[in-house]
Amino acid sequence: MRIAIYSNLGEASNIVATSLKKKIEASKALKIDGLNPEIVISVGGDGTLLSAFHHYQDISGKIRLVGIHTGHLGFYTDWRDYEVSELVESLEHDNGQSVTYPLLDIKVNYAGGGPADIGLALNESTLKQINGSMVADVYIKNQLFESFRGDGLCVSTPSGSTAYNKSVGGAIINPSLNAIQVSEISSINNRVFRTLGSPLIIAPDEWVKIIPKNNNRTVLTCDHQVISTATIASVEYRISQRRIAFAQYRHTQFWRRVSNSFIGEVNLDD
Ligand code: NAP
């Protein structure tokens, strides 16, 4: 089986990546292939896994990801830095087991025409303004839903719902649900300006279109990257037909993953 190792530049990750590479090279069943892998192993944290996903985005339908975390939060990562041998053993006995999660399609139309930009997010995309309030019309399935005024809007996937979305008060969604979520970033709500004020969960047959008004100051992000600071006419979001696949050699129940990451180990004897 062909394996790529995608590591961050930290010392701890480097040690793990080197040891992993040696073990893979020593295995008869596995080989390193950074160009055409079947499995991509990310070594670092969620930030590294996001970068790995975007690096291999063009072949994302043909790969499965595995995450080893080296001292980060590691919400997406199933393996610890001291479990390299167990992981290699699991890779040698791989029988294609996987779990897939929804992704977010982003279509950006620029003012002045030209071809639309198409993007794919694993966590979320935000449309926001750091200089003055963002004013934008929000459409759901081509129907005007509200006029937003505030810092911005965050549209997230279920697996990204524990990231930025959580910080801005969005709900956490189990990634077995095929949905996307729109959450507000510091909306202005008073007698003059009004938004719904709560997160929205969007169904698979729906889409969201955001039309910024003072659009020359709007910034569009996709996961850890700024996609565009160019003048945006509209952004359309919908659940992608594509999904991300993780090689699932061990199963951590989603809500246990959430409680481990955000609450910590619970001692039932206390
Ligand atoms: P970063 O600022 O270095 O890290 C952001 C934190 O979010 C890290 O602790 C990261 O985990 C964690 N994280 C990433 N994806 C997650 C997920 N799906 N569930 C739970 N936690 C998650 O930024 P980065 O490493 O470049 O990552 C970009 C992501 O950061 C964005 O997609 C966005 O979701 C998040 N972000 C959050 C805020 C906020 O909460 N206010 C603001 C900006 C961006 P690791 O430590 O394992 O890397």
Side-chain angles (χ1 to χ4, degrees), residues 6-14 16-17 40-55 57 60 65-81 83 99-106 119-130 134 150-177 179-187 199 218-229 235 237 239-240 243-246 248 252-264:
Y6 190 98
S7 174
N8 72 21
L9 298 174
E11 202 186 327
S13 301
N14 211 3
V16 171
V40 173
I41 304 178
S42 136
V43 183
D46 294 321
T48 315
L49 194 130
L50 287 173
S51 300
F53 166 73
H54 284 282
H55 184 82
Q57 185 177 314
S60 64
L65 281 120
V66 176
I68 304 181
H69 72 96
T70 54
H72 291 256
L73 174 69
F75 190 79
Y76 281 112
T77 59
D78 282 340
W79 299 83
R80 298 299 307 270
D81 47 1
E83 296 179 305
V99 60
T100 68
Y101 296 153
L103 293 166
L104 172 71
D105 271 345
I106 309 165
L120 192 62
L122 171 53
N123 267 355
E124 80 286 294
S125 169
T126 66
L127 196 59
K128 54 189 171 184
Q129 204 169 299
I130 39 173
M134 180 175 100
D151 281 2
L153 290 158
C154 169
V155 184
S156 58
T157 64
S159 65
S161 66
T162 44
Y164 198 175
N165 168 73
K166 181 176 179 297
S167 301
V168 296
I172 295 186
I173 301 187
N174 188 319
S176 61
L177 295 174
I180 54 173
Q181 178 169 192
V182 182
S183 28
E184 301 179 350
I185 309 172
S186 298
S187 58
T218 313
V219 174
L220 179 69
T221 71
C222 172
D223 295 335
H224 54 302
Q225 301 158 315
V226 171
I227 308 186
S228 177
T229 53
V235 186
Y237 294 108
I239 300 169
S240 182
R243 293 172 70 88
I244 183 171
F246 289 89
Q248 195 181 41
T252 310
Q253 196 232 6
F254 176 71
W255 295 112
R256 174 157 294 277
R257 196 181 285 266
V258 173
S259 88
N260 283 346
S261 296
F262 296 102
I263 298 170

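Just follow the structure's listing: the first ligand is 1, and inside any ligand the first atom is 1. What you see is a predicted model, and the numbers here were worked out from it, not measured in a lab.
- Annotation for ligand 1: atoms under 4.0 Å from non-hydrogen atoms of Phe75 are 19 (N), 20 (C).
- Closest to atom 33 (C) of ligand 1, if we only count protein heavy atoms, is Glu124 OE1, 3.3 Å.
- Of the listed residues (Gly47, Gly44, Ser51), the one carrying the non-hydrogen atom nearest atom 25 (O) of ligand 1 is Gly47.
- In this view, Thr100 and Arg243, Ala245 satisfy the side-chain contact (heavy atoms from CB on, under 4.5 Å) rule, not counting sequence neighbours.
- Tyr237 contributes atom OH, which lies 3.0 Å from atom OG of Ser125 (distance to the nearest 0.5 angstrom).
- Residue Ser161 holds its OG atom at 8.5 Å from CG of Asn174, rounded to the nearest 0.5 Å.
- Distance remark: protein heavy atom not present below 4.0 angstrom from atom 30 (O) of ligand 1.
- Looking at Ser159 against ligand 1, only its backbone comes within 4.0 Å, counting heavy atoms.
- Note that atom 3 (O) of ligand 1 has no protein non-hydrogen atoms nearby, at separations under 4.0 angstrom.
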Does the pair Tyr101 and Thr157 meet the rule for a side-chain hydrogen bond (donor to acceptor under 3.5 Å, both in side chains), with working shown? CA-CA 9 Å; Tyr101 296 153; Thr157 64; over 6 Å; no

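- Arg256 contributes atom CZ, which lies 11.0 Å from atom CD1 of Ile263 (distance to the nearest 0.5 angstrom).
- What sits closest to atom 39 (C) of ligand 1 on the protein, heavy atoms only, is Ser167 OG, 3.4 Å.
- The contact set between ligand 1 and Thr162, taken as ligand atoms under 4.0 Å from a residue heavy atom, comprises 17 (C), 18 (N), 19 (N), 20 (C), 21 (N).
- In terms of protein heavy-atom proximity, atom 45 (P) of ligand 1 is nearest to Asp46 N, 3.4 Å.
- Here the protein heavy atom with the shortest distance to atom 27 (O) of ligand 1 is Leu50 CD1, 3.7 Å.
- Checked by atom type, the side-chain pair Tyr164/Ser156 shows no donor-acceptor distance below 3.5 Å.
- Put simply, SG on Cys222 and CG on Leu104 are 7.5 Å apart, with the number rounded to the nearest 0.5 Å.
- Distance CG/Leu49 to CZ/Phe75: 12.0 Å, rounded to 0.5 Å.
- Applying the side-chain contact (heavy atoms from CB on, under 4.5 Å) test between Ser13 and each of Thr70, Thr48, Asp81, Ile68 identifies Thr70 as the sole match.
- Looking only at heavy atoms of the protein, atom 26 (O) of ligand 1 is closest to His224 CB, 3.2 Å.
- The single protein non-hydrogen atom nearest to atom 46 (O) of ligand 1 is Leu73 N, 3.1 Å, given as residue, atom name and distance.
- Here the heavy atom of the protein found nearest to atom 36 (N) of ligand 1 is Tyr164 CB, 4.1 Å.
- In terms of protein heavy-atom proximity, atom 15 (N) of ligand 1 is closest to Asn123 ND2, 2.9 Å.
- The nearest protein heavy atom to atom 20 (C) of ligand 1 is closer than 4.0 Å.
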